[in-house]
Chemist: 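What follows is a single structure, and I will ask about it in a moment.
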Amino acid sequence: MTLLVQKYGGTSVASIERIKAVAEKVAASSKVGNQLVVVLSAMSGVTNKLLGWAHQVQAEPSAREMDVLLSTGEQTTIALLAMALEELGCPARSYTGGQVKVLTDGAHTKARIIDIEQKNIRKDLDNGKVVIVAGFQGVNEAGEITTLGRGGSDTTAVALAAVLNADECQIFTDVDGVYTTDPRVVENAKRLDNVTFEEMLEMSSLGAKVLQIRSVEFANKYNVPLRVLSSFEEGPGTFIGSEDASMMEMPLISGIAFTSDEAKLSILGVPDIPGMAYQVFGPISAAGIEVDVIVQNVGNDQTNDITFTVQRKDTAKASKILQAIAKEIKAEEVQVDDKVAKLSLVGVGMRSHAGIASRMFETLANESINIQLITTSEIKISIVIEEKYLELAVRALHDAFELGDTETNSKA
Ligand code: ADP
Ligand code: ASP
Ligand code: MG
């Protein structure tokens, strides 16, 4: 018997009609003999609405209360799907994270899954029931409700698939697979048949929100076969798995990921003596700010310039800390620019090919786009540019590396 974990995202359960459509799909799959565990998100827009309400009531609500509030979105959809399935004559039972017991650490609003109890799920599956689990939520040791961070339902699904040793984890969403780049930005973006875990990790961490990064980390760690599919139309989707011989012929570049959720900070004229990088980044890290790209230029006047990027929401906090550090270490100046974006080319094929970077830079030069920062790893090249050029750069590079669908613009 095939055991599938299926996750339906916000747009897939956005209305009563959509929930009924998901129920039809699930019931049909159950009828042909599959065992099904279904993970749901909140209706599209609901999590944002709840966040908005919270901030209307209190400037800085506690993370604990935030989790009590945010977890309600998923609790609504699971119960409605269970009812829709029962209505179709398909036995089903819904569970909140706490009822399953999806055990997490105590980091409210960004908790990590530690373990998932299988007992209830197995019993229901053995009794021919579809099991429906609320995504994005769990409980800590003390029984407090926790949530897993935005997009966290993907991670609930993959973690369940890992624990239950499912045959496949299927992520149903509003696009029919993983594309060479966001199909909402580049019209002729092409669906990929296969993507390696490694590439998907880079793409997710670099801004492709189609899968939450943690879900890909989990899938990679426990070797969970993962597929992204459309909940609106039939199709093979995109398979994400380990790199194997069949993937040797993978294209040089698999995709372009990007995010405009970035800000760039520089501290100029830092004395060129040991310990300075620590003096700068120690307090930034202690404030819980994640630093991304870091570049240091050694000047010829015994000073350095250090530039780095942070998430845009952290700009003000990081800037304040950096100003204080500058004073302390007698640096010359702090500069802040929150109108930047990051764009990355990703592909395992890059390992064995030279010349990708120069082609990338040539393409951007032809468009007169200035590159502010560059960083590379074995399978990616990332650049930071002015935000207003982001879409132009994505399209130009998508063309230059011939990533588009040449046959038709099959994807609207
Ligand atoms: P869900 O609500 O189902 O979790 P998300 O909105 O989180 O869906 O993720 C799906 C969206 O991810 C798509 O609508 C698409 O705009 C975006 N996306 C960004 N990059 C890519 C990519 N490379 N391939 C496919 N989708 C992408
Ligand atoms: N509802 C949550 C969010 O909007 C979790 C998810 O959809 O995966 O982020
Ligand atoms: Mg999502």
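One-based numbering, in listed order, for ligands and for the atoms of each.
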Chemist: Any non-hydrogen atom of G73 lying under 4.0 Å from ligand 2?
Modeler: no
Chemist: Does ligand 1 have an atom that lies less than 4.0 angstrom from a heavy atom of S231?
Modeler: no
Chemist: Please determine if K209 and D154 form a salt bridge, counting it only when a charged side-chain N lies under 4.0 Å from a carboxylate O.
Modeler: no
Chemist: Just need the protein heavy atom nearest to atom 14 (O) of ligand 1, so name the residue and atom and give the distance.
Modeler: R184 NH2, 2.6 Å
Chemist: Tell me which protein heavy atom sits closest to atom 25 (C) of ligand 1, plus the residue, atom name and distance to 0.1 Å.
Modeler: G177 O, 3.5 Å
Chemist: What protein heavy atom sits nearest atom 2 (O) of ligand 1, and how far away is it?
Modeler: G10 N, 3.2 Å
Chemist: Between K20 and E24, is the closest basic N to carboxylate O distance under 4.0 Å?
Modeler: no
Chemist: Any non-hydrogen atom of P183 lying under 4.0 Å from ligand 1?
Modeler: yes
Chemist: Just checking, is any N or O donor in the side chain of R122 or N127 under 3.5 Å from an acceptor N or O on the other one?
Modeler: no
Chemist: Mind checking whether K7 has a heavy atom under 4.0 Å from ligand 1?
Modeler: yes
Chemist: Output yes when the distance from some N or O of ligand 1 to some N or O of D174 is under 3.5 Å, and no in every other case.
Modeler: yes
Chemist: Looking at atom 21 (C) of ligand 1, what's its closest protein heavy atom, distance included?
Modeler: D182 CA, 3.8 Å
Chemist: Could you find the nearest protein heavy atom to atom 7 (O) of ligand 2 and give me its residue, atom name and distance?
Modeler: S41 OG, 3.0 Å
Chemist: Can you pull out the closest protein heavy atom to atom 8 (O) of ligand 1? Residue, atom name and distance to 0.1 Å, please.
Modeler: T173 OG1, 3.1 Å
Chemist: For atom 23 (N) of ligand 1, which protein heavy atom lies nearest, and how many Å away is it?
Modeler: Y179 O, 3.0 Å
Chemist: Indicate whether the side chain of Y8 and that of Q6 have a donor and an acceptor atom separated by less than 3.5 Å.
Modeler: yes
Chemist: Give me the nearest non-hydrogen protein atom to atom 9 (O) of ligand 2 as residue plus atom name, then the distance to 0.1 Å.
Modeler: R150 NE, 2.7 Å
Chemist: Side chain, backbone, both or neither: which part of E74 comes within less than 4.0 Å of ligand 2 when only heavy atoms are counted?
Modeler: side chain
Chemist: Using a strict threshold of under 4.0 Å (side-chain N to carboxylate O), is an ion pair present between K339 and E387?
Modeler: no
Chemist: Would you please say whether a donor-acceptor pair under 3.5 Å links the side chains of E199 and S254?
Modeler: yes
Chemist: Would F232 and F172 count as a close aromatic pair, with their ring centres under 6.0 Å?
Modeler: no
Chemist: Is G151 in polar range of ligand 2, meaning some N or O pair under 3.5 Å apart?
Modeler: yes
Chemist: Between E262 and K313, is there a side-chain N and carboxylate O pair less than 4.0 Å apart?
Modeler: no
Chemist: Looking only at protein heavy atoms, identify the closest one to atom 5 (P) of ligand 1 and say how far it is in Å.
Modeler: K209 CE, 3.9 Å
Chemist: So which heavy atom in the protein is nearest atom 6 (C) of ligand 2, and how far is it from that ligand atom?
Modeler: S153 OG, 3.3 Å
